[in-house]
Q: 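Okay, handing you the structure first.
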Amino acid sequence: MANQSDNSVAFSAAELEFLAEDEMVEIVPNMRMEPLNLISGDFGPFRPQIAAQVPLWLAVALKKRGKCTIRPPEWMSVEKLTQVLEAERDSEKFQLLPFHYVEISRLLFDHAREDIPDIYMVRSLIEDIKDVRFHKIGTGLEIISKEVTYALRSCEESAGFFNKEAYTDLVTLVLIS
């Protein structure tokens with residue numbers, strides 16, 4: 001992980017991208033090749049113009065060599081992303097998208113831009129969804145912060161001094177509820 005010295009569980013952008021590369025995508029090969037028997041699984045056989053499912057890292061590698069086109073996932077269509085964005089704005093909950101949707105889309109934008117219809121609109125919608133989600137997270141953290149601050153003040157006023165154990169119990173209770 002990015003910085004192990006502070007005992008936090010934070011991943012760098014490169015590590016998140018690495019994890020996203022295991023997501024399966026559909027390619028359309030333009031070559032003939034026997035199955036690839038890899039540690040992560042068997043992929044292929046590959047035949048021209050016959051779609052195949054492969055991990056994103058393999059799709060990108062084949063694309064870089066001009067051996068395939070990558071079909072964008074269904075969730076990357078303008079119609080689907082527009083629906084997700086509208087639902088994100090109307091709901092307090094996150095809408096269903098792949099966990100690594102930002103990293104997957106970034107990899108496809110970087111390596112398969114010509115394979116993505118309406119790429120500029122797709123990119124804009126994904127950014128808008130990300131912005132709405134960041135706003136939701138920020139709002140949620142503000143609410144939690146206010147609840148913890150209020151509870152801490154109440155605890156201090158009733159005890160007359162700061163009690164670390166009571167504070168720890170209180171923060172745990174607020175975060176769980």
Side-chain angles (χ1 to χ4, degrees), residues 1-138 140-141:
M1 285 175 240
N3 186 0
Q4 296 266 332
S5 63
D6 63 2
N7 294 328
S8 67
V9 183
F11 291 97
S12 69
E15 290 168 326
L16 289 172
E17 189 173 287
F18 176 78
L19 294 172
E21 288 176 335
D22 281 335
E23 293 288 327
M24 299 297 283
V25 294
E26 192 170 88
I27 64 166
V28 178
N30 57 18
M31 54 39 171
R32 178 177 294 275
M33 185 167 48
E34 293 307 310
L36 296 173
N37 303 95
L38 307 171
I39 293 172
S40 58
D42 298 336
F43 305 103
F46 301 101
R47 303 289 178 255
Q49 303 307 310
I50 298 177
Q53 291 282 324
V54 298
L56 184 53
W57 63 265
L58 181 55
V60 168
L62 292 171
K63 177 73 178 173
K64 284 181 179 179
R65 289 165 182 74
K67 304 291 184 186
C68 73
T69 58
I70 300 174
R71 287 189 180 161
E74 288 181 31
W75 60 265
M76 275 188 75
S77 71
V78 171
E79 296 78 25
K80 179 66 175 166
L81 290 171
T82 301
Q83 291 172 355
V84 169
L85 179 59
E86 289 172 5
E88 283 284 345
R89 288 179 173 153
D90 295 339
S91 173
E92 292 181 3
K93 297 181 179 180
F94 288 167
Q95 301 305 302
L96 188 60
L97 281 175
F99 186 77
H100 295 287
Y101 77 99
V102 172
E103 295 81 9
I104 294 167
S105 60
R106 186 176 306 126
L107 282 164
L108 292 176
F109 293 150
D110 290 348
H111 301 289
R113 62 183 308 110
E114 62 279 355
D115 297 338
I116 303 171
D118 301 316
I119 186 169
Y120 297 109
M121 187 65 166
V122 170
R123 185 187 309 258
S124 176
L125 288 166
I126 288 174
E127 285 299 317
D128 290 347
I129 291 168
K130 191 169 74 169
D131 291 343
V132 169
R133 287 184 170 193
F134 278 136
H135 178 73
K136 285 181 183 181
I137 291 168
L141 290 174

Q: Which of these passes side-chain contact (heavy atoms from CB on, under 4.5 Å) with I27: T69, I70, D115, V60?
A: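 For I27, the side-chain contact (heavy atoms from CB on, under 4.5 Å) check succeeds only for I70.
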
Q: Is it the case that over 12 heavy atoms from other parts of the model lie below 6.0 angstrom from the NZ atom of K136?
A: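 Yes, because the 6.0 Å sphere around NZ of K136 holds more than 12 heavy atoms from other groups.
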
Q: Can you name the closest pair of heavy atoms from L56 and A20 and give their distance?
A: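 Heavy-atom minimum between the residues: CD2-O, 4.0 Å.
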
Q: So how far is it from C68 SG to M33 CE, rounded to the nearest 0.5 Å?
A: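 The distance works out to 9.0 Å.
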
Q: Just by distance, do the side chain of D118 and the backbone of V78 share a donor-acceptor pair under 3.5 Å?
A: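 No, D118 side chain to V78 backbone: no donor-acceptor pair under 3.5 Å.
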
Q: Indicate yes or no: does E127 engage K130 in a salt bridge with an N to O separation below 4.0 Å.
A: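 K130 and E127: salt-bridged.
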
Q: To the nearest 0.5 angstrom, please state how far the CG atom of L19 sits from the CZ atom of F11.
A: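 Nearest 0.5 Å value for the CG-CZ distance: 6.0 Å.
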
Q: State whether the number of non-hydrogen atoms from other residues, nucleotides or ligands found under 6.0 Å of M31 atom CE is greater than 12.
A: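 Yes.
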
Q: When rounded to the nearest 0.5 angstrom, what distance separates CD1 in I129 from CZ in R89?
A: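 Between atom CD1 of I129 and atom CZ of R89 there are 9.0 Å.
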
Q: Taking atom NZ of K63 as the centre, does the number of heavy atoms from other residues, nucleotides or ligands within less than 6.0 Å exceed 12?
A: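 Yes - once you tally the heavy atoms of other residues, nucleotides and ligands closer than 6.0 Å, there are more than 12.
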
Q: How long is the straight-line distance from CE of M76 back to CZ of R123, given to the nearest 0.5 Å?
A: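 Between atom CZ of R123 and atom CE of M76 there are 9.0 Å.
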
Q: How about P98 and H100: do any of their side-chain heavy atoms sit closer than 4.5 Å?
A: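 Counting from C-beta outward, P98 and H100 never come under 4.5 Å.
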
Q: Which distance, rounded to the nearest 0.5 Å, do you find between the NE2 of H111 and the CZ of R106?
A: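 These two atoms lie 11.0 Å from each other.
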
Q: Does some side-chain heavy atom of N37 sit less than 4.5 Å from a side-chain heavy atom of F43?
A: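 F43 vs N37: side chains apart.
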
Q: Would you mind reporting whether Q83 and W75 have side-chain heavy atoms less than 4.5 Å apart?
A: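 Heavy-atom side-chain distance check fails, nothing below 4.5 Å.
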
Q: How long is the gap from OG on S124 to CG on L85, to the nearest 0.5 Å?
A: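 Rounded to the nearest 0.5 Å, the OG-CG separation comes out at 8.5 Å.
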
Q: For the side chain of S91 and the backbone of A87, is there at least one donor-acceptor N/O pair under 3.5 Å apart?
A: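 The answer is no, because no donor-acceptor pair under 3.5 Å joins these two groups.
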
Q: Is the closest side-chain heavy-atom distance between F109 and I104 below 4.5 Å?
A: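 Not in contact.
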
Q: If we only count heavy atoms from C-beta on, is the L108 to I116 side-chain gap below 4.5 Å?
A: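 Answer yes - side chains close enough.
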
Q: Indicate yes or no: at least one non-hydrogen side-chain atom of E23 is less than 4.5 angstrom from one of P55.
A: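 No, too far: nothing below the 4.5 Å cut-off.
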
Q: Between N30 and K67, is a side-chain contact (heavy atoms from CB on, under 4.5 Å) present by the stated rule, with each step listed?
A: CA-CA 6 Å; N30 57 18; K67 304 291 184 186; 4.3 Å; yes

Q: Please list, chain by chain and in numerical order, all residues satisfying side chain to side chain donor-acceptor pair (under 3.5 Å) with R133, sequence neighbours excluded.
A: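 Per chain and number, R133 pairs via side chain to side chain donor-acceptor pair (under 3.5 Å) with E88.
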
Q: Got more than 12 heavy atoms from elsewhere within 6.0 Å of CD, E74?
A: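 At most 12 heavy atoms, drawn from other residues, nucleotides or ligands, come within 6.0 Å of this atom.
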
Q: Does L36 reach the side chain of L58, with side-chain heavy atoms less than 4.5 Å apart?
A: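 They are in contact (side-chain heavy atoms under 4.5 Å apart), so the answer is yes.
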
Q: So with a 6.0 Å cut-off around CZ of F99, is the heavy-atom count from everything else above 12?
A: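 Check fails, neighbour count at 12 or below.
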
Q: Would you say W57 and L107 make side-chain contact, with heavy atoms under 4.5 Å?
A: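 They are not in contact (no side-chain heavy atoms under 4.5 Å apart), so the answer is no.
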
